[in-house]
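Hydrogens, waters and symmetry mates are skipped; everything else that's a heavy atom, side chains included, is used.
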Amino acid sequence: IYDHMTREGFGPAARVGLLARDLVGAPAENIAMRRNASGAVRPDQIMGQWKSSPGHRANLLAPGLTHVGYAALRDGPEVIAVGVYAEVSARLAAPAPLRAPSVEAIAAALSRASPRIDQFSLSDPGGEVLTQTYVERPQPVAIPPGAWQLRPHLSSGAHRYQVAWGPVVVLG
């Protein structure tokens, strides 16, 4: 079985946030499966599947998705191919720590991003619900220990912000 969600509940945003420790932006993912593939499966066959699907084609042609990684796996007669795409809106000066002792440590890592990030929220990894928002210097707040996805707010001018996806960090 293949899916955009892992058994642990991690979708593309959480998986990119686990691996791309200095990236802030937005992810997308294409998955294709070829069943009963007794011979070689060529990249153009997989790409043909994606091009004929409106959602997959949109990921391939999205101008903001500038970074990509591809992988393929053969399991007997089945071949699964994955394309992971990312829009990079900001870069941290250094990879975010996988473990952080406090929200203040996360704020310090984000403040050195380019462009600078002064406001961010936290969510469950890959989740849409923003748990807590911090502006510039976070006040001490009791956030339960565990895995959290950083959701940096990127300024689009005049007090308007876009909420992006960032690294997953384990607090506590």
Closest heavy-atom contact between Pro145 and Gly172?
-> CB-CA, 4.4 Å
Quick one: closest heavy-atom pair of Ala32 and Trp50, and the distance?
-> CB-NE1, 3.4 Å
Check whether any side-chain heavy atom of Val79 sits under 4.5 Å from a side-chain heavy atom of Leu73, and report yes or no.
-> no
Cation over ring, Arg151 on Trp165, under 6.0 Å and within 45°?
-> yes
For Ile106 and Ala100, the nearest pair of non-hydrogen atoms, with its separation, is CG1-CB, 4.0 Å
Spell out, as yes or no, whether a donor-acceptor pair under 3.5 Å connects the side chain of Asn30 to the backbone of His56.
-> yes
Look only at the side chain of Gln149 and the backbone of Ala13, and say whether a donor-acceptor pair between them is shorter than 3.5 Å.
-> yes
Looking at Ile117 and Ala90, what are the two nearest heavy atoms and their distance?
-> CD1-CB, 4.3 Å
pair Glu78-Met33: side-chain heavy atoms closer than 4.5 Å | yes
List the steps, then state whether side-chain contact (heavy atoms from CB on, under 4.5 Å) holds for Leu154 with Ser89.
-> CA-CA 8 Å; Leu154 304 173; Ser89 302; 3.2 Å; yes
Worked check of side-chain contact (heavy atoms from CB on, under 4.5 Å) between Trp148 and Val169 | CA-CA 5 Å; Trp148 295 95; Val169 175; 5.6 Å; no
Side chain to side chain, Leu110 and Leu150, heavy atoms closer than 4.5 Å | yes
For Val41 against Arg34, the heavy-atom pair lying closest together | CG1-CG, 3.9 Å
For residues 14-24, run the donor-acceptor check on the side chains, cut-off 3.5 Å, and write out each pair with its distance to 0.1 Å, sequence neighbours left out.
| unit_1 | atom_1 | unit_2 | atom_2 | d |
| --- | --- | --- | --- | --- |
| Arg15 | NH1 | His4 | O | 3.0 |
| Arg15 | NH1 | Phe10 | O | 2.9 |
| Arg15 | NH1 | Gly11 | O | 3.4 |
| Arg15 | NH2 | Glu29 | OE1 | 2.9 |
| Arg15 | NH2 | Glu29 | OE2 | 2.2 |
| Arg21 | NE | Ala96 | O | 3.3 |
| Arg21 | NH1 | Gly17 | O | 2.7 |
| Arg21 | NH1 | Val168 | O | 2.8 |
| Arg21 | NH2 | Ala96 | O | 3.4 |
| Arg21 | NH2 | Pro97 | O | 3.0 |
| Arg21 | NH2 | Val168 | O | 2.7 |
| Asp22 | OD1 | Arg91 | NH1 | 2.9 |
| Asp22 | OD2 | Arg91 | NH1 | 3.2 |

Do Leu65 and Val88 share a hydrophobic cluster, counting only Ile, Leu, Val, Met, Phe, Trp and Tyr and linking them when any side-chain heavy atoms are less than 4.5 Å apart?
-> no
Side chain proximity check, Ser111 to Arg116, heavy atoms < 4.5 angstrom | yes
Looking only at heavy atoms, the pair that brings Ser123 and Thr131 closest together is CA-OG1, 4.0 Å
Taking it one step at a time, do Arg57 and Ser52 satisfy side-chain contact (heavy atoms from CB on, under 4.5 Å)?
-> CA-CA 7 Å; Arg57 184 176 179 81; Ser52 65; over 6 Å; no
d(Thr66 OG1, Glu87 CD) to nearest 0.5 Å is 7.5 Å
Using the rule that two of Ile, Leu, Val, Met, Phe, Trp, Tyr join whenever any of their side-chain heavy atoms come within less than 4.5 Å, decide whether Leu122 and Leu130 are in one cluster.
-> no
Are Val68 and Val84 close enough, and set up right, to give a side-chain contact (heavy atoms from CB on, under 4.5 Å), and what steps lead you there?
-> CA-CA 6 Å; Val68 63; Val84 178; over 6 Å; no
Is any side-chain heavy atom of Leu171 closer than 4.5 Å to a side-chain heavy atom of Val103?
-> yes
